[in-house]
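Take a look at the structure below.
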Amino acid sequence: MSIILAIESSCDETSVAISNNGKITANVIANQTIHQNYGGVIPELASRVHQQNIVPVIQQALLDAKVNKKEVNAVAFTRGPGLLGSLLVGVSFAKAFALALNLPLIAVNHMHAHILAHFIDDPKPTFPFLCLTVSGGHTQIVLVKSYSVMEIVGETLDDAAGEAFDKTAKILSLPYPGGPMVDQHAKLGNPLAYKFAIPQIKDYNYSFSGFKTSVLYFIRAKEKQNSNFIAENLDDICASVQHSIVNILLAKLNKAAKELGISEIAIAGGVSANSGLRAGLQKMAIQEDWRIYIPAFEYCTDNAAMIAMAAHYKYIDQDFVQQDVAPLSRMEF
Ligand code: KG4
Ligand code: ZN
């Protein structure tokens with residue numbers, strides 16, 4: 001039996017989960033609404049709010065799982081990548097908890113954990129599979145060979161897909177967090193209303209910085225002609241931007257799947273909550289005869305259940321770290 005307490009604090013969600021032999025028995029997430037006032041995550045505020053939230057969130061997770069802290073067998077935490085001040089709160093708390101109860105410590109790579117979220121519920125992918133990992137900071141196509149061996153076969157050379165959504169939302173003066181707002185408006189609009197520059201990048205890599213600029217210039221030009229352009233066409237703009245981002249993402253995923261001969265395909269990370277991406281992947285799966293894995297909404301954006309899941313496999317391998325471990329804002333894959 002292994003009861004693992006896992007902490008996620010890499011960005012603006014303070015989350016604690018508990019797993020019992022690989023089964024998630026609690027997953028508490030405290031969202032930080034304070035960043036809404038600023039249109040984006042303010043790192044210093046994020047660390048302070050993690051500091052306020054961490055103890056109540058731990059207590060709630062133990063309550064939900066009906067676990068006494070003395071029954072915990074290991075403590076896991078997100079080591080990186082993420083905001084250093086935010087990571088420090090989770091890492092320091094995990095170290096103190098482990099020291100006080102004489103428990104082993106498990107360090108988890110946040111991006112691995114997004115992928116391993118697919119092992120929380122059934123159906124689970126079989127190895128090797130390809131995972132399009134799309135979040136606020138990353139856009140990667142990962143060849144997942146086992147729970148611990150993962151290889152990036154393509155990635156963004158500049159902005160992440162989540163940033164393209166968030167920056168579009170900002171241009172359109174939509175409130176933070178932008179991605180889900182663009183998604184909501186896109187549901188009501190025409191995805192073919194406007195066309196944007198599609199990046200021509202080699203191999204399985206992505207680029208979203210030129211795309212973002214093309215959206216900005218397009219909106220500026222239209223607003224010059226009609227100062228109500230955004231208000232009058234918001235749904236169509238969102239639908240068209242989303243359609244383009246989804247097409248860019250899926251085209252490279254398709255190329256990688258074909259050339260690597262893999263038909264077991266997953267998506268992960270915050271942007272995998274996007275309705276256009278989920279629908280586009282389903283359509284492509286039928287065309288290409290893929291078996292696809294789309295995470296439940298609660299496991300798309302940041303959560304500690306995925307950290308607990310990744311930690312479960314590390315616990316089996318006895319892959320522990322020492323008390324001198326430090327967070328890494330950039331973490332090698
Ligand atoms: O994985 P995540 O929660 O945090 C990071 O590790 O970055 O991803 C957050 C990103 C943000 O850019 C957010 O706007 C985007 O995921 N996102 C979405 C949707 N839900 C979250 N983007 C598009 N459509 C959504 N429904
Ligand atoms: Zn994430």
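In each ligand, atom 1 is the first atom listed, and ligand 1 is the first ligand listed. If you read the sequence from its start, that first residue is 1, and numbering goes on from there.
- For the pair His110 and ligand 1, the shortest N or O to N or O distance falls below 3.5 Å.
- Checked against a 6.0 Å centroid threshold, the rings of Phe77 and Phe93 do not count as neighbours.
- With Gly82, Gly40, Gly136, Cys11 as candidates, the residue nearest to atom 7 (O) of ligand 1 on a non-hydrogen basis is Gly136.
- Neither side chain, His312 nor Asn21, offers a donor N or O lying under 3.5 Å from an acceptor on the other.
- The distance between the ring centers of Tyr38 and Tyr176 does not fall below 6.0 angstrom.
- Atom 26 (N) of ligand 1 has its closest protein heavy atom at Asp183 OD2, 2.9 Å.
- Applying the 4.0 Å criterion to heavy atoms of His114 picks out, from ligand 1, the atoms 1 (O), 6 (O).
- For the pair Asp166 and ligand 1, the shortest N or O to N or O distance falls below 3.5 Å.
- Aromatic ring centroids of Phe208 and Phe196 lie 6.0 Å or more apart.
- Near Gly137, meaning under 4.0 Å from one of its heavy atoms, ligand 1 places the atoms 7 (O).
- Counting heavy atoms closer than 4.0 Å to ligand 1, residue Asp302 contributes atoms from both its backbone and its side chain.
- Counting only distances under 2.8 Å, and ignoring water, the protein N, O or S atoms around the Zn ion (ligand 2) are His110 NE2, His114 NE2, Asp302 OD1.
- Neither the backbone nor the side chain of Gln242 has any atom closer than 4.0 Å to an atom of ligand 1 (non-hydrogen atoms only).
- Heavy-atom proximity to Thr301, at under 4.0 Å, picks out these atoms of ligand 1: 3 (O), 21 (C).
- With ligand atoms numbered from 1 in the order given, ligand 1 contributes 12 (O) to contacts under 4.0 Å with heavy atoms of Gly162.
- Atom 22 (N) of ligand 1 has as its closest protein heavy atom Gly179 CA, 3.4 Å.
- If you look at His138 next to ligand 1, there are no close heavy atoms at all, none under 4.0 Å.
- No hydrogens or angles considered: a donor-acceptor pair under 3.5 Å links the side chains of Glu259 and Tyr204.
- Taking the side chain as every heavy atom from C-beta outward, Gln322 and Leu105 never approach each other to under 4.5 Å.
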Q: Could you give me the CA-CA distance, side-chain angles and deciding distance for Thr139 and Leu249, then say whether side-chain contact (heavy atoms from CB on, under 4.5 Å) is met?
A: CA-CA 9 Å; Thr139 299; Leu249 290 172; 3.8 Å; yes
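- Counting only N and O atoms by type, the side chains of Glu232 and Asn226 include a donor and acceptor under 3.5 Å apart.
- Here Asn274 has heavy atoms under 4.0 Å from ligand 1 in both its backbone and its side chain.
- Judged by distance alone, the side chains of Asn274 and Gln242 do bring a donor and an acceptor atom under 3.5 Å apart.
- Gln140 and Tyr206 form no side-chain donor-acceptor contact under 3.5 Å, judged by distance and modelled atom types alone.
- At a 3.5 angstrom cut-off on N or O pairs, Glu13 does not count as close to ligand 1.
- For atom 17 (N) of ligand 1, the nearest non-hydrogen atom of the protein is Gly270 O, 3.6 Å.
- Atoms of ligand 1 found under 4.0 Å from any heavy atom of Ala273 (numbered from 1 in listed order, with element): 20 (N), 26 (N).
- Salt-bridge annotation for Glu151 and Lys145: present, with a side-chain N of the basic residue lying under 4.0 Å from a carboxylate O of the acidic one.
- Separation of the Phe127 and Phe119 ring centroids falls under the 6.0 Å cut-off.
- Of the heavy atoms in Pro177, none comes closer than 4.0 Å to ligand 1.
- For the residue pair Asp12/His50, the side-chain donor-acceptor check at 3.5 Å is not satisfied.
- A cation-pi arrangement is absent between Arg291 and Phe129, since the terminal nitrogen or guanidinium carbon is not both under 6.0 Å from the aromatic centre and inside a 45° cone about the axis.
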